[in-house]
Amino acid sequence: MKINKNKINIFIDKYQLLLLMQILFETDKFKWINIQNPTKQELNEVASQYCFQKLTIDDSLEPGHLPKYESDDENISFLLVRFFDKEHRMLKNTVREFSHKISIYVGANFIITVHQKETDIFDLVQKKYIQHVEPSKVTIKGILYRIVSETIKTYEEPAIKMDEEIDALEHLIFTDDYRKIKIPSLYKIKREATACKKILDYTLEALKEYRLDNKRTSSSQDLMEENVKMLHLHSQIVDDVQNLLTVYLSLNSQKSNEIMQTLTVFSAFFLPLTFLAGIYGMNFDYMPELNHKLGYPICLLIMLIIVIFIYFWFKKKKYI
């Protein structure tokens with residue numbers, strides 16, 4: 001009896017795909033399937049099974065893809081959102097450094113979520129929504145709303161932390177301890193807030209397109225308002241960091257000016273004295289003042305008069 005290796009491989013692939021597809025909720029109307037860290041081949045098989053566009057697979061697998069919304073002729077919607085999750089390393093792509101994506105495929109009788117990074121968002125959806133509602137009343141739009149809502153909420157905690165850091169930095173600046181501030185700390189906050197702002201900007205555009213493509217329900221409006229709130233928080237943080245940076249540079253510039261002013265004042269005092277010392281340091285054979293009995297005290301007196309005159313003149317001009 002000959003064994004068909006191709007059929008065995010196909011069977012193994014289908015079995016692995018079934019293991020990968022985790023059913024989080026199911027009724028006679030629809031089911032919610034979650035897929036974590038799939039390969040392109042596995043997603044292609046899912047796309048063939050549920051008839052959604054394979055072009056969206058590249059978007060799902062691209063690590064740094066920004067939020068977007070698409071809808072095809074089969075009435076299958078594709079929504080890509082990103083939740084906040086900070087990496088412990090610096091990346092060239094700040095979007096990847098501070099967030100990870102969730103791809104959501106929505107059809108008439110299914111909702112499929114695809115993600116690479118482990119997250120507790122789906123557990124929160126089950127605890128806050130599915131477990132408190134009768135199974136017959138759970139809807140696809142209800143699940144979609146909670147997923148997007150919990151995704152947007154992940155940006156609130158980092159915004160609060162960054163705001164607290166900015167308050168601490170402001171306290172240092174306005175209590176004459178601004179020299180303790182390190183520029184890299186400001187840069188890190190700005191980098192994080194800018195990345196979050198960018199993600200939330202694209203999320204808002206995706207939600208607008210989703211709302212136009214579907215019925216303008218109050219839930220979609222709530223999602224947009226929640227997103228705008230987070231976007232405003234991070235935009236304010238970016239502005240605050242920029243203002244702090246400007247104030248910090250201004251204070252440094254002012255301190256440099258004060259140092260230069262002090263050096264200028266000392267130079268103004270010693271310039272005429274140096275001039276006199278230079279004259280009497282010349283090696284001429286005949287200098288009458290050198291042979292005068294009171295030449296030395298007279299020279300010192302002239303120097304003192306010059307110093308006093310310069311001092312009161314600076315006082316009058318408010319240079320010191």
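Residue numbers count from 1 along this sequence. All heavy atoms count here, side chains included; hydrogens, waters and symmetry mates do not. Since we're looking at a predicted model, the values are computed, not measured.
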So, do [X] and [Y] sit near enough that their side-chain heavy atoms are less than 4.5 Å apart?
| X | Y | value |
| --- | --- | --- |
| Val138 | Ile143 | yes |
| Ser149 | Leu223 | yes |
| Arg211 | Met224 | yes |
| Phe122 | Trp32 | yes |
| Val114 | Pro38 | yes |
| Lys153 | Met230 | no |
| Phe78 | Gln53 | no |
| Val106 | Ile76 | no |

Pairwise distance [atom1]([X]) to [atom2]([Y]) - rounded to 0.5 angstrom:
| X | Y | atom1 | atom2 | value |
| --- | --- | --- | --- | --- |
| Phe25 | Gln22 | CZ | CD | 14.5 Å |
| Ile310 | Lys315 | CD1 | NZ | 15.5 Å |
| Lys208 | Thr203 | NZ | OG1 | 12.0 Å |
| Phe275 | Met303 | CZ | CE | 11.0 Å |
| Leu169 | Ile189 | CG | CD1 | 5.0 Å |
| Thr94 | Glu97 | OG1 | CD | 7.0 Å |

Taking it one step at a time, do Asn109 and Lys29 satisfy side-chain contact (heavy atoms from CB on, under 4.5 Å)? CA-CA 6 Å; Asn109 59 353; Lys29 296 180 180 178; over 6 Å; no
Under a 4.0 Å threshold between the charged nitrogen and the carboxylate oxygen, would [Y] count as salt-bridged to [X]?
| X | Y | answer |
| --- | --- | --- |
| Lys68 | Glu205 | no |
| Asp123 | Lys127 | no |
| Asp58 | Lys40 | yes |
| Lys86 | Glu192 | yes |
| Glu150 | Lys128 | yes |

Carefully, step by step, assess Asp222 and Glu225 under the rule side-chain contact (heavy atoms from CB on, under 4.5 Å). CA-CA 5 Å; Asp222 289 342; Glu225 290 175 357; 4.0 Å; yes
Is a side-chain donor-acceptor pair under 3.5 Å present for [Y] with [X]?
| X | Y | answer |
| --- | --- | --- |
| Gln36 | Glu118 | yes |
| Ser77 | Tyr69 | yes |
| Thr56 | Tyr105 | yes |

Distance-minimising heavy-atom pair for [X] and [Y]:
| X | Y | value |
| --- | --- | --- |
| Ile140 | Gly107 | CD1-O, 3.5 Å |
| Ser60 | Ser103 | OG-OG, 3.1 Å |
| Ala47 | Ile57 | CB-CD1, 3.9 Å |
| Gly64 | Arg96 | CA-CG, 3.5 Å |
| Glu226 | Ile152 | O-CG2, 3.9 Å |
| Gly142 | Thr139 | N-OG1, 3.0 Å |

Would you say [Y] ends up clustered with [X] if hydrophobic residues are merged whenever their side chains have heavy atoms under 4.5 Å apart, either directly or through other cluster members?
| X | Y | answer |
| --- | --- | --- |
| Ile302 | Ile308 | yes |
| Phe110 | Leu43 | yes |
| Val228 | Val81 | yes |
| Phe312 | Phe314 | yes |
| Val241 | Leu231 | no |

Side chain to side chain contact (heavy atoms under 4.5 Å, CB included) with Val95: which residues, sequence neighbours excluded?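 Result, side chain to side chain contact (heavy atoms under 4.5 Å, CB included) vs Val95: Leu66, Arg82, Asn93, Ser99, Lys198, Ile199.
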Could you list the residues that satisfy side chain to side chain contact (heavy atoms under 4.5 Å, CB included) with Ile33, not counting sequence neighbours?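 Only Met21, Ile23, Lys31, Ile35, Tyr50, Ile112 meet the side chain to side chain contact (heavy atoms under 4.5 Å, CB included) criterion with Ile33.
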Is [X] atom [atom1] crowded by more than 12 heavy atoms from other residues, nucleotides or ligands, each under 6.0 Å away?
| X | atom1 | result |
| --- | --- | --- |
| Phe309 | CZ | no |
| Phe30 | CZ | yes |
| Lys190 | NZ | no |

Tell me if a side-chain donor or acceptor on Asn227 pairs with a main-chain N or O of Leu200 at a distance below 3.5 Å.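 Such a contact is found between Asn227 side chain and Leu200 backbone.
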Sidechain-backbone polar pair: Thr194 side chain, Arg191 backbone, donor-acceptor under 3.5 Å: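 It does not hold such a pair.
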Apply the test side-chain contact (heavy atoms from CB on, under 4.5 Å) to residues His115 and Asn34: give CA-CA distance (whole Å), side-chain angles for both, the deciding distance (0.1 Å), then the verdict. CA-CA 8 Å; His115 61 104; Asn34 182 54; 3.2 Å; yes
Partner residues of Glu26 under the side chain to side chain donor-acceptor pair (under 3.5 Å) criterion, sequence neighbours left out: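 Partners of Glu26 under the side chain to side chain donor-acceptor pair (under 3.5 Å) test: none.
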Set of residues satisfying salt bridge (charged side-chain N to carboxylate O under 4.0 Å, His left out) with respect to Asp239, sequence neighbours excluded: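 Here no residue qualifies.
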Give me the one residue out of Ile121, Leu79, Val148 that meets side-chain contact (heavy atoms from CB on, under 4.5 Å) with Ile102.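 Going through the options one by one, the only one that passes is Ile121.
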Any pair counted as ring-ring contact (aromatic ring centres under 6.0 Å, His included), so long as it reaches residues 125-144, sequence neighbours left out: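 Applying ring-ring contact (aromatic ring centres under 6.0 Å, His included) to every pair that reaches into residues 125-144, excluding sequence neighbours, yields nothing.
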Under 3.5 Å, which donor-acceptor pairs link side chains of residues 158-165 to any protein atom two or more places apart or in another chain?
residue, atom, partner, partner atom, Å
Lys161, NZ, Glu157, OE2, 3.4

Would you please test Asp85 and Phe83 for side-chain contact (heavy atoms from CB on, under 4.5 Å) and show each step? CA-CA 6 Å; Asp85 187 41; Phe83 61 92; 3.9 Å; yes
